[in-house]
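Presented below is the structure to which this report refers.
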Amino acid sequence: MSYNVNNDLPENAVLSVQNVGKTFTLHLQESQRLPVLHGLTFDVPRGACIVLGGESGAGKSTVMKMIYGSYGTDSGRILLRHQETVMDLVTAQPRQVLAARRETLGYVSQFLRAVPRVPALDVVAEPLIERGISRETARERAGELLTRLSISTRLWKLPPATFSGGEQQRVNIARGFIIERPLLLLDEPTASLDARNRGVVIELIRESLGRGTGMLAIFHDADVREAVADMTVDVQSFTPAREQAAA
Amino acid sequence: MNNETPLLSVTGAGHRYGDRFGCRDVNFDLWPGEVLAVVGESGSGKSTLLGMLSQRLTLDEGSISYLTTRESSAGREDGTEFELLDLATLSEREVRRLWRTEWGFVHQNAAEGLRMHVSAGGNVGEPLMANGWRNYSKIRSEAEMWLRRVEIPSDRIDDAPATFSGGMRQRVQIARNLVFGPRLVFMDEPTSGLDVSVQARLLDLIRQLVAELGLAVVIVTHDLAVARLISHRTLVMKDGAVIESGLTDRVLDDPQAPYTQLLVSSILQG
(Lines give C-alpha, C1' and ligand atoms only; values in the text may rest on other atoms or scores of the structure.)
Protein backbone atom coordinates (compact mmCIF):
# COMPACT_ATOMS: atom_id res chain seq x y z
CA MET A 1 0.00 0.00 0.00
CA SER A 2 2.91 2.35 0.56
CA TYR A 3 4.27 4.16 -2.39
CA ASN A 4 7.52 5.68 -3.49
CA VAL A 5 7.78 9.40 -3.78
CA ASN A 6 10.38 10.11 -6.45
CA ASN A 7 12.87 10.21 -4.24
CA ASP A 8 14.24 13.25 -2.46
CA LEU A 9 14.83 11.61 0.87
CA PRO A 10 18.56 11.86 1.55
CA GLU A 11 20.30 8.49 1.79
CA ASN A 12 21.07 8.69 5.52
CA ALA A 13 17.83 10.36 6.64
CA VAL A 14 14.81 8.72 8.26
CA LEU A 15 12.74 11.88 7.90
CA SER A 16 12.83 14.89 5.65
CA VAL A 17 10.57 17.87 6.32
CA GLN A 18 10.44 20.02 3.19
CA ASN A 19 8.97 23.48 2.88
CA VAL A 20 6.13 22.72 5.25
CA GLY A 21 3.43 25.25 6.05
CA LYS A 22 0.54 25.25 8.50
CA THR A 23 -2.29 27.71 9.14
CA PHE A 24 -5.09 27.21 11.63
CA THR A 25 -8.49 28.54 10.66
CA LEU A 26 -10.68 29.25 13.66
CA HIS A 27 -14.21 29.03 12.35
CA LEU A 28 -15.69 29.81 15.73
CA GLN A 29 -13.82 33.13 15.83
CA GLU A 30 -14.95 34.77 12.60
CA SER A 31 -12.82 32.34 10.61
CA GLN A 32 -9.69 33.98 11.90
CA ARG A 33 -6.58 32.58 10.20
CA LEU A 34 -3.49 31.87 12.27
CA PRO A 35 -0.40 31.14 10.20
CA VAL A 36 1.95 29.16 12.45
CA LEU A 37 4.60 27.75 10.15
CA HIS A 38 5.97 28.61 6.75
CA GLY A 39 8.74 26.99 4.73
CA LEU A 40 9.87 24.66 7.53
CA THR A 41 12.70 22.49 6.24
CA PHE A 42 15.05 20.03 7.98
CA ASP A 43 16.16 16.39 7.96
CA VAL A 44 16.49 13.82 10.73
CA PRO A 45 19.44 11.52 9.96
CA ARG A 46 19.73 7.99 11.32
CA GLY A 47 21.25 7.85 14.77
CA ALA A 48 20.99 11.63 15.27
CA CYS A 49 18.95 13.70 17.69
CA ILE A 50 17.52 16.89 16.20
CA VAL A 51 16.08 19.31 18.72
CA LEU A 52 13.33 21.81 17.96
CA GLY A 53 14.11 25.18 19.51
CA GLY A 54 12.17 28.39 19.89
CA GLU A 55 10.02 30.08 22.47
CA SER A 56 6.88 28.62 23.90
CA GLY A 57 4.14 29.15 21.30
CA ALA A 58 6.57 29.07 18.36
CA GLY A 59 4.90 25.92 17.03
CA LYS A 60 7.30 23.21 18.21
CA SER A 61 4.56 20.82 19.32
CA THR A 62 2.64 21.60 16.14
CA VAL A 63 5.61 20.29 14.13
CA MET A 64 5.60 17.07 16.16
CA LYS A 65 1.87 16.58 15.67
CA MET A 66 2.08 17.21 11.93
CA ILE A 67 4.73 14.53 11.62
CA TYR A 68 2.81 12.09 13.81
CA GLY A 69 -0.34 12.87 11.82
CA SER A 70 -2.58 14.15 14.57
CA TYR A 71 -2.47 17.54 12.84
CA GLY A 72 -2.90 17.97 9.11
CA THR A 73 -0.31 19.77 6.99
CA ASP A 74 -1.32 22.44 4.48
CA SER A 75 1.70 22.52 2.21
CA GLY A 76 5.09 20.95 1.61
CA ARG A 77 6.20 17.35 2.11
CA ILE A 78 7.09 15.20 5.10
CA LEU A 79 8.99 12.21 3.76
CA LEU A 80 9.39 9.21 6.02
CA ARG A 81 11.45 6.12 5.31
CA HIS A 82 8.88 3.42 6.03
CA GLN A 83 10.12 -0.14 5.59
CA GLU A 84 11.43 -0.36 2.02
CA THR A 85 9.56 2.69 0.79
CA VAL A 86 9.32 6.44 1.24
CA MET A 87 5.97 7.76 2.44
CA ASP A 88 4.83 11.37 2.21
CA LEU A 89 2.98 11.83 5.49
CA VAL A 90 1.26 14.96 4.16
CA THR A 91 -0.74 12.98 1.61
CA ALA A 92 -0.72 9.49 3.15
CA GLN A 93 -4.05 7.76 3.75
CA PRO A 94 -5.12 7.18 7.39
CA ARG A 95 -4.38 3.47 7.01
CA GLN A 96 -0.84 4.22 5.87
CA VAL A 97 -0.27 6.64 8.74
CA LEU A 98 -1.47 3.95 11.16
CA ALA A 99 0.94 1.45 9.59
CA ALA A 100 3.77 3.98 9.91
CA ARG A 101 2.92 4.51 13.59
CA ARG A 102 2.94 0.78 14.20
CA GLU A 103 6.26 0.08 12.52
CA THR A 104 8.27 3.24 12.01
CA LEU A 105 7.12 6.25 13.96
CA GLY A 106 7.13 6.40 17.76
CA TYR A 107 5.83 9.31 19.83
CA VAL A 108 6.38 10.10 23.47
CA SER A 109 4.13 12.99 24.36
CA GLN A 110 4.21 15.12 27.44
CA PHE A 111 1.09 13.56 28.85
CA LEU A 112 -0.03 10.00 29.05
CA ARG A 113 -3.40 9.48 27.45
CA ALA A 114 -4.31 6.68 29.81
CA VAL A 115 -7.01 4.21 29.00
CA PRO A 116 -9.20 3.59 32.03
CA ARG A 117 -8.63 0.35 33.91
CA VAL A 118 -5.52 -0.83 32.07
CA PRO A 119 -2.67 -1.54 34.52
CA ALA A 120 0.62 0.37 34.06
CA LEU A 121 2.51 -2.81 33.17
CA ASP A 122 0.11 -3.53 30.28
CA VAL A 123 0.11 0.09 29.10
CA VAL A 124 3.87 -0.26 28.65
CA ALA A 125 3.73 -3.80 27.22
CA GLU A 126 0.98 -3.04 24.69
CA PRO A 127 3.19 -1.95 21.73
CA LEU A 128 5.07 -5.25 21.97
CA ILE A 129 1.87 -7.29 22.20
CA GLU A 130 0.53 -5.46 19.13
CA ARG A 131 3.60 -6.73 17.32
CA GLY A 132 2.76 -10.29 18.23
CA ILE A 133 5.19 -10.75 21.14
CA SER A 134 3.75 -13.02 23.83
CA ARG A 135 2.08 -11.26 26.76
CA GLU A 136 4.50 -12.86 29.18
CA THR A 137 7.64 -11.70 27.37
CA ALA A 138 6.13 -8.27 26.77
CA ARG A 139 5.35 -7.84 30.47
CA GLU A 140 8.85 -8.94 31.39
CA ARG A 141 10.37 -6.27 29.13
CA ALA A 142 7.89 -3.70 30.42
CA GLY A 143 8.87 -4.55 33.99
CA GLU A 144 12.57 -4.06 33.21
CA LEU A 145 11.93 -0.60 31.81
CA LEU A 146 9.65 0.43 34.68
CA THR A 147 12.31 -0.74 37.14
CA ARG A 148 14.95 1.32 35.36
CA LEU A 149 12.66 4.32 35.58
CA SER A 150 12.09 3.66 39.31
CA ILE A 151 8.38 2.87 39.12
CA SER A 152 7.81 0.74 42.18
CA THR A 153 6.45 -2.77 41.52
CA ARG A 154 3.45 -2.07 43.71
CA LEU A 155 2.22 0.38 41.04
CA TRP A 156 2.55 -2.04 38.12
CA LYS A 157 -0.91 -3.52 38.51
CA LEU A 158 -2.66 -0.16 38.92
CA PRO A 159 -4.00 2.00 36.10
CA PRO A 160 -1.72 5.04 35.67
CA ALA A 161 -4.65 7.50 35.72
CA THR A 162 -4.21 7.70 39.50
CA PHE A 163 -0.41 8.24 39.37
CA SER A 164 1.45 11.50 39.94
CA GLY A 165 2.48 13.57 36.90
CA GLY A 166 6.07 12.37 37.08
CA GLU A 167 5.05 8.73 37.41
CA GLN A 168 2.68 8.99 34.45
CA GLN A 169 5.42 10.55 32.40
CA ARG A 170 7.80 7.71 33.20
CA VAL A 171 5.16 5.13 32.23
CA ASN A 172 4.77 7.04 28.99
CA ILE A 173 8.53 7.00 28.37
CA ALA A 174 8.73 3.27 29.06
CA ARG A 175 5.92 2.70 26.56
CA GLY A 176 7.71 4.83 23.98
CA PHE A 177 11.04 3.06 24.35
CA ILE A 178 9.82 -0.54 24.63
CA ILE A 179 9.94 -1.07 20.91
CA GLU A 180 12.56 0.25 18.59
CA ARG A 181 11.24 2.26 15.69
CA PRO A 182 13.41 4.07 13.14
CA LEU A 183 12.06 7.48 14.17
CA LEU A 184 11.13 8.61 17.66
CA LEU A 185 9.39 11.90 18.45
CA LEU A 186 9.95 13.18 21.98
CA ASP A 187 7.76 16.05 23.16
CA GLU A 188 9.20 17.27 26.48
CA PRO A 189 9.59 13.76 27.88
CA THR A 190 11.50 14.95 30.94
CA ALA A 191 9.39 17.97 31.91
CA SER A 192 8.36 16.70 35.35
CA LEU A 193 11.20 14.33 36.23
CA ASP A 194 13.83 14.59 38.93
CA ALA A 195 17.54 14.65 38.09
CA ARG A 196 18.00 10.92 38.61
CA ASN A 197 15.19 9.95 36.24
CA ARG A 198 16.30 12.56 33.72
CA GLY A 199 19.62 10.75 33.77
CA VAL A 200 17.90 7.43 32.98
CA VAL A 201 16.04 9.03 30.07
CA ILE A 202 19.32 10.42 28.72
CA GLU A 203 20.76 6.89 28.88
CA LEU A 204 17.73 5.44 27.09
CA ILE A 205 18.00 8.09 24.38
CA ARG A 206 21.72 7.48 23.89
CA GLU A 207 21.29 3.71 23.69
CA SER A 208 18.56 4.13 21.12
CA LEU A 209 20.58 6.62 19.05
CA GLY A 210 23.49 4.19 19.19
CA ARG A 211 21.29 1.57 17.56
CA GLY A 212 20.51 4.00 14.72
CA THR A 213 17.16 5.49 15.73
CA GLY A 214 16.62 9.02 14.46
CA MET A 215 15.07 11.37 17.01
CA LEU A 216 13.24 14.64 16.89
CA ALA A 217 12.83 16.21 20.28
CA ILE A 218 11.56 19.14 22.29
CA PHE A 219 13.41 19.46 25.58
CA HIS A 220 12.49 21.78 28.35
CA ASP A 221 15.64 20.98 30.33
CA ALA A 222 18.90 22.46 29.10
CA ASP A 223 20.95 19.64 30.64
CA VAL A 224 19.07 16.97 28.68
CA ARG A 225 19.33 19.02 25.51
CA GLU A 226 23.06 19.48 25.89
CA ALA A 227 23.55 15.81 26.65
CA VAL A 228 21.89 14.42 23.52
CA ALA A 229 21.31 17.11 20.84
CA ASP A 230 23.23 16.81 17.59
CA MET A 231 21.63 19.88 16.05
CA THR A 232 18.94 22.44 16.85
CA VAL A 233 16.31 23.66 14.40
CA ASP A 234 14.95 27.06 15.37
CA VAL A 235 11.23 26.76 14.67
CA GLN A 236 10.76 30.47 15.29
CA SER A 237 12.63 31.35 12.12
CA PHE A 238 9.88 29.55 10.19
CA THR A 239 7.05 31.32 11.97
CA PRO A 240 5.33 33.90 9.77
CA ALA A 241 3.78 37.14 10.94
CA ARG A 242 4.36 36.90 14.68
CA GLU A 243 2.05 39.76 15.54
CA GLN A 244 -0.89 37.91 13.98
CA ALA A 245 -0.03 34.61 15.57
CA ALA A 246 0.38 36.06 19.02
CA ALA A 247 -3.36 35.95 19.72
CA MET B 1 -5.70 -12.71 4.36
CA ASN B 2 -6.29 -10.59 1.33
CA ASN B 3 -4.66 -7.33 2.28
CA GLU B 4 -5.41 -5.20 -0.73
CA THR B 5 -9.19 -5.51 -0.83
CA PRO B 6 -11.10 -3.84 1.98
CA LEU B 7 -13.58 -5.90 3.98
CA LEU B 8 -16.26 -3.30 3.42
CA SER B 9 -16.25 -0.72 0.66
CA VAL B 10 -18.87 2.01 0.50
CA THR B 11 -19.19 4.24 -2.57
CA GLY B 12 -21.60 7.14 -2.99
CA ALA B 13 -24.10 5.42 -0.72
CA GLY B 14 -27.43 7.03 0.22
CA HIS B 15 -30.82 6.19 1.72
CA ARG B 16 -33.96 8.15 0.96
CA TYR B 17 -36.97 8.79 3.19
CA GLY B 18 -39.63 9.84 0.68
CA ASP B 19 -38.09 12.70 -1.29
CA ARG B 20 -35.50 13.53 1.37
CA PHE B 21 -32.18 11.76 1.87
CA GLY B 22 -31.44 10.46 5.39
CA CYS B 23 -27.82 10.14 4.37
CA ARG B 24 -26.12 10.62 1.06
CA ASP B 25 -22.83 10.40 -0.78
CA VAL B 26 -21.06 8.33 1.88
CA ASN B 27 -17.68 6.89 0.89
CA PHE B 28 -15.25 4.82 2.94
CA ASP B 29 -13.30 1.58 3.04
CA LEU B 30 -12.90 -0.57 6.12
CA TRP B 31 -10.20 -3.18 6.68
CA PRO B 32 -9.99 -6.00 9.23
CA GLY B 33 -8.80 -4.75 12.61
CA GLU B 34 -10.08 -1.23 11.97
CA VAL B 35 -12.61 0.59 14.11
CA LEU B 36 -14.52 3.34 12.35
CA ALA B 37 -16.52 5.78 14.47
CA VAL B 38 -19.47 7.64 12.96
CA VAL B 39 -20.16 10.74 15.05
CA GLY B 40 -22.76 13.45 14.87
CA GLU B 41 -25.74 14.79 16.77
CA SER B 42 -29.18 13.23 16.62
CA GLY B 43 -30.70 13.77 13.20
CA SER B 44 -27.28 13.88 11.53
CA GLY B 45 -27.95 10.66 9.60
CA LYS B 46 -25.54 8.46 11.50
CA SER B 47 -28.17 5.89 12.47
CA THR B 48 -29.53 5.91 8.92
CA LEU B 49 -26.03 5.17 7.69
CA LEU B 50 -25.68 2.28 10.13
CA GLY B 51 -29.09 0.94 9.11
CA MET B 52 -28.11 1.08 5.47
CA LEU B 53 -24.75 -0.63 6.02
CA SER B 54 -26.37 -3.37 8.06
CA GLN B 55 -29.08 -4.06 5.45
CA ARG B 56 -31.90 -2.81 7.63
CA LEU B 57 -32.56 0.15 5.35
CA THR B 58 -32.47 0.11 1.57
CA LEU B 59 -29.51 1.35 -0.41
CA ASP B 60 -31.14 3.86 -2.76
CA GLU B 61 -27.97 5.23 -4.29
CA GLY B 62 -24.38 4.11 -4.71
CA SER B 63 -22.93 0.75 -3.79
CA ILE B 64 -21.65 -1.28 -0.83
CA SER B 65 -19.44 -4.28 -1.31
CA TYR B 66 -18.36 -6.78 1.31
CA LEU B 67 -15.61 -9.37 1.13
CA THR B 68 -17.06 -12.61 2.42
CA THR B 69 -15.23 -15.78 3.39
CA ARG B 70 -16.39 -19.18 2.31
CA GLU B 71 -15.27 -22.65 3.17
CA SER B 72 -13.76 -23.74 -0.08
CA SER B 73 -14.82 -26.93 -1.77
CA ALA B 74 -13.03 -30.12 -0.81
CA GLY B 75 -9.50 -30.56 -2.04
CA ARG B 76 -8.37 -26.96 -1.57
CA GLU B 77 -5.51 -26.63 0.85
CA ASP B 78 -5.96 -23.27 2.53
CA GLY B 79 -9.57 -24.01 3.49
CA THR B 80 -11.15 -20.62 2.81
CA GLU B 81 -11.70 -18.41 -0.16
CA PHE B 82 -12.83 -14.84 -0.52
CA GLU B 83 -15.66 -13.47 -2.60
CA LEU B 84 -16.68 -9.87 -3.11
CA LEU B 85 -20.43 -9.43 -2.59
CA ASP B 86 -22.49 -6.52 -3.86
CA LEU B 87 -24.84 -6.02 -0.92
CA ALA B 88 -27.61 -4.51 -3.05
CA THR B 89 -28.07 -7.75 -4.98
CA LEU B 90 -27.86 -10.19 -2.10
CA SER B 91 -30.61 -12.74 -1.57
CA GLU B 92 -32.30 -12.86 1.81
CA ARG B 93 -30.75 -16.23 2.37
CA GLU B 94 -27.26 -14.79 1.84
CA VAL B 95 -28.01 -11.91 4.20
CA ARG B 96 -29.13 -14.39 6.85
CA ARG B 97 -25.93 -16.36 6.34
CA LEU B 98 -23.88 -13.20 6.90
CA TRP B 99 -25.73 -12.41 10.14
CA ARG B 100 -25.27 -15.97 11.34
CA THR B 101 -21.58 -16.33 10.51
CA GLU B 102 -19.84 -13.02 9.79
CA TRP B 103 -21.73 -10.01 11.14
CA GLY B 104 -22.72 -8.86 14.58
CA PHE B 105 -24.89 -5.97 15.74
CA VAL B 106 -24.71 -4.47 19.22
CA HIS B 107 -27.78 -2.37 19.96
CA GLN B 108 -27.95 0.62 22.25
CA ASN B 109 -30.87 -0.99 24.02
CA ALA B 110 -29.85 -4.50 25.11
CA ALA B 111 -33.49 -5.62 25.01
CA GLU B 112 -33.34 -5.36 21.21
CA GLY B 113 -30.29 -7.58 20.97
CA LEU B 114 -30.99 -10.13 23.69
CA ARG B 115 -33.74 -12.46 24.72
CA MET B 116 -34.34 -10.91 28.07
CA HIS B 117 -36.02 -13.90 29.71
CA VAL B 118 -33.67 -16.58 28.45
CA SER B 119 -30.58 -17.28 30.59
CA ALA B 120 -27.33 -15.44 29.84
CA GLY B 121 -25.77 -18.78 28.89
CA GLY B 122 -28.67 -19.47 26.55
CA ASN B 123 -28.31 -16.06 24.92
CA VAL B 124 -24.65 -16.70 24.19
CA GLY B 125 -25.13 -20.36 23.22
CA GLU B 126 -27.93 -19.68 20.76
CA PRO B 127 -25.75 -18.31 17.92
CA LEU B 128 -23.59 -21.43 18.20
CA MET B 129 -26.65 -23.65 17.79
CA ALA B 130 -27.63 -21.57 14.76
CA ASN B 131 -24.21 -22.47 13.36
CA GLY B 132 -24.82 -26.17 13.81
CA TRP B 133 -23.31 -26.85 17.23
CA ARG B 134 -25.19 -29.76 18.77
CA ASN B 135 -23.18 -30.91 21.78
CA TYR B 136 -24.82 -29.30 24.79
CA SER B 137 -21.82 -29.41 27.10
CA LYS B 138 -19.54 -27.91 24.45
CA ILE B 139 -22.03 -25.12 23.83
CA ARG B 140 -22.29 -24.45 27.54
CA SER B 141 -18.56 -24.39 28.10
CA GLU B 142 -18.05 -22.06 25.12
CA ALA B 143 -20.79 -19.76 26.44
CA GLU B 144 -19.19 -19.86 29.89
CA MET B 145 -15.84 -18.95 28.41
CA TRP B 146 -17.35 -15.95 26.61
CA LEU B 147 -19.28 -14.76 29.63
CA ARG B 148 -16.04 -14.93 31.59
CA ARG B 149 -14.33 -12.91 28.88
CA VAL B 150 -16.92 -10.18 29.20
CA GLU B 151 -16.61 -10.33 32.98
CA ILE B 152 -19.99 -11.80 33.89
CA PRO B 153 -19.60 -13.70 37.18
CA SER B 154 -19.90 -17.45 36.55
CA ASP B 155 -22.69 -17.84 39.11
CA ARG B 156 -24.93 -15.65 36.92
CA ILE B 157 -24.81 -17.83 33.78
CA ASP B 158 -28.26 -19.31 34.44
CA ASP B 159 -29.87 -15.96 35.24
CA ALA B 160 -31.81 -14.03 32.62
CA PRO B 161 -30.56 -10.61 31.40
CA ALA B 162 -33.82 -9.14 32.68
CA THR B 163 -32.29 -9.46 36.16
CA PHE B 164 -28.98 -7.81 35.12
CA SER B 165 -27.74 -4.22 35.37
CA GLY B 166 -27.44 -2.12 32.20
CA GLY B 167 -23.68 -2.63 31.98
CA MET B 168 -23.98 -6.40 32.43
CA ARG B 169 -26.68 -6.61 29.76
CA GLN B 170 -24.42 -4.83 27.29
CA ARG B 171 -21.60 -7.21 28.08
CA VAL B 172 -23.86 -10.22 27.50
CA GLN B 173 -24.94 -8.65 24.21
CA ILE B 174 -21.32 -8.31 23.19
CA ALA B 175 -20.61 -11.94 24.08
CA ARG B 176 -23.64 -13.04 22.05
CA ASN B 177 -22.33 -11.07 19.09
CA LEU B 178 -18.76 -12.32 19.26
CA VAL B 179 -19.21 -15.98 20.23
CA PHE B 180 -19.52 -17.23 16.64
CA GLY B 181 -16.39 -15.41 15.41
CA PRO B 182 -17.78 -12.58 13.25
CA ARG B 183 -15.53 -10.43 11.08
CA LEU B 184 -17.59 -7.23 11.07
CA VAL B 185 -19.54 -5.82 13.99
CA PHE B 186 -21.89 -2.84 13.92
CA MET B 187 -22.44 -0.99 17.18
CA ASP B 188 -25.14 1.60 17.76
CA GLU B 189 -24.33 3.80 20.78
CA PRO B 190 -23.33 0.73 22.83
CA THR B 191 -22.32 2.71 25.91
CA SER B 192 -24.82 5.54 26.08
CA GLY B 193 -27.30 5.37 28.89
CA LEU B 194 -24.70 3.75 31.16
CA ASP B 195 -22.99 5.34 34.16
CA VAL B 196 -19.61 6.86 33.34
CA SER B 197 -17.58 4.24 35.24
CA VAL B 198 -19.58 1.42 33.62
CA GLN B 199 -19.02 3.06 30.22
CA ALA B 200 -15.26 3.15 30.73
CA ARG B 201 -15.21 -0.52 31.65
CA LEU B 202 -17.28 -1.49 28.63
CA LEU B 203 -15.21 0.60 26.23
CA ASP B 204 -12.02 -0.90 27.53
CA LEU B 205 -13.48 -4.35 27.05
CA ILE B 206 -14.59 -3.61 23.49
CA ARG B 207 -11.20 -2.10 22.68
CA GLN B 208 -9.39 -5.16 23.98
CA LEU B 209 -11.62 -7.70 22.21
CA VAL B 210 -11.44 -5.84 18.91
CA ALA B 211 -7.65 -5.84 19.05
CA GLU B 212 -7.41 -9.50 20.05
CA LEU B 213 -9.89 -10.73 17.45
CA GLY B 214 -8.85 -8.42 14.61
CA LEU B 215 -12.47 -7.37 14.07
CA ALA B 216 -13.67 -4.60 11.83
CA VAL B 217 -16.14 -2.37 13.65
CA VAL B 218 -18.44 0.46 12.63
CA ILE B 219 -19.55 2.24 15.80
CA VAL B 220 -22.09 5.03 15.86
CA THR B 221 -21.79 7.44 18.75
CA HIS B 222 -22.68 11.00 19.65
CA ASP B 223 -19.83 10.98 22.17
CA LEU B 224 -16.47 12.15 20.81
CA ALA B 225 -14.70 10.73 23.86
CA VAL B 226 -15.95 7.27 22.87
CA ALA B 227 -14.62 7.79 19.34
CA ARG B 228 -11.26 8.92 20.76
CA LEU B 229 -10.94 5.92 23.01
CA ILE B 230 -11.70 3.10 20.63
CA SER B 231 -11.67 4.15 16.99
CA HIS B 232 -8.87 4.47 14.44
CA ARG B 233 -10.83 6.61 12.03
CA THR B 234 -13.82 8.89 12.36
CA LEU B 235 -16.56 10.15 10.05
CA VAL B 236 -18.34 13.31 11.17
CA MET B 237 -21.92 13.58 9.92
CA LYS B 238 -24.27 16.53 9.70
CA ASP B 239 -27.56 16.86 7.81
CA GLY B 240 -27.12 13.45 6.21
CA ALA B 241 -23.67 14.19 4.79
CA VAL B 242 -20.15 13.24 5.86
CA ILE B 243 -18.55 16.63 6.43
CA GLU B 244 -15.16 15.47 7.69
CA SER B 245 -13.29 12.19 7.94
CA GLY B 246 -9.84 10.88 8.73
CA LEU B 247 -7.66 9.58 11.53
CA THR B 248 -9.61 9.97 14.75
CA ASP B 249 -6.89 11.93 16.53
CA ARG B 250 -6.56 14.28 13.55
CA VAL B 251 -10.31 14.89 13.29
CA LEU B 252 -10.46 15.65 17.02
CA ASP B 253 -7.16 17.53 17.46
CA ASP B 254 -7.11 19.49 14.20
CA PRO B 255 -10.74 19.69 13.02
CA GLN B 256 -11.19 21.53 9.74
CA ALA B 257 -14.93 21.92 9.21
CA PRO B 258 -16.70 24.66 11.19
CA TYR B 259 -19.20 22.14 12.55
CA THR B 260 -16.45 19.74 13.70
CA GLN B 261 -14.68 22.62 15.45
CA LEU B 262 -17.94 23.41 17.22
CA LEU B 263 -18.43 19.77 18.27
CA VAL B 264 -14.87 19.44 19.54
CA SER B 265 -15.04 22.71 21.43
CA SER B 266 -18.23 21.49 23.13
CA ILE B 267 -16.59 18.46 24.78
CA LEU B 268 -16.77 18.58 28.54
CA GLN B 269 -13.30 18.30 30.00
CA GLY B 270 -13.26 15.24 32.25
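In this text the structure is predicted, and so the values were computed from the model without any measurement.
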Please list, in residue-number order, every residue in residues 206-220 of chain B that has a heavy atom less than 4.5 Å from any heavy atom of chain A; write 'none' if there are none. B/Arg207, B/Glu212

Over all atoms of both residues, closest heavy-atom pair of B/Pro182 and B/Asn177: CG-O, 3.1 Å

side-chain hydrogen bond (donor to acceptor under 3.5 Å, both in side chains) contacts in which one or both residues fall within residues 57-72 of chain A, not counting sequence neighbours: A/Ser61-A/Asp187

Mind listing the side-chain donor-acceptor pairs of residues 193-202 of chain B below 3.5 Å, one per line with the distance, residues two or more places apart or on another chain?
residue: B/Gln199; atom: NE2; partner: B/Thr191; partner atom: O; Å: 3.4
residue: B/Arg201; atom: NE; partner: B/Glu151; partner atom: OE1; Å: 2.9
residue: B/Arg201; atom: NH2; partner: B/Glu151; partner atom: OE1; Å: 3.1

Whatever's closer than 4.5 Å to a heavy atom in chain B on A/Glu126 counts as side chain

Count the heavy atoms of every other residue, nucleotide or ligand shown that sit under 6.0 Å from NE2 of A/His220, and state whether that count exceeds 12. no

Largest heavy-atom contact set with chain A, pairs under 4.5 Å, which of B/Leu252, B/Thr248, B/Leu262: B/Leu262

Contacts of A/Asp74 that satisfy salt bridge (charged side-chain N to carboxylate O under 4.0 Å, His left out) - sequence neighbours left out: none

Taking the side chain as every heavy atom from C-beta outward, state whether B/Ile152 and B/Trp146 have any pair of such atoms under 4.5 Å apart. no

Hydrogens and angles aside, do A/Ser16 and A/Gln18 bring a side-chain donor and acceptor to less than 3.5 Å of each other? yes

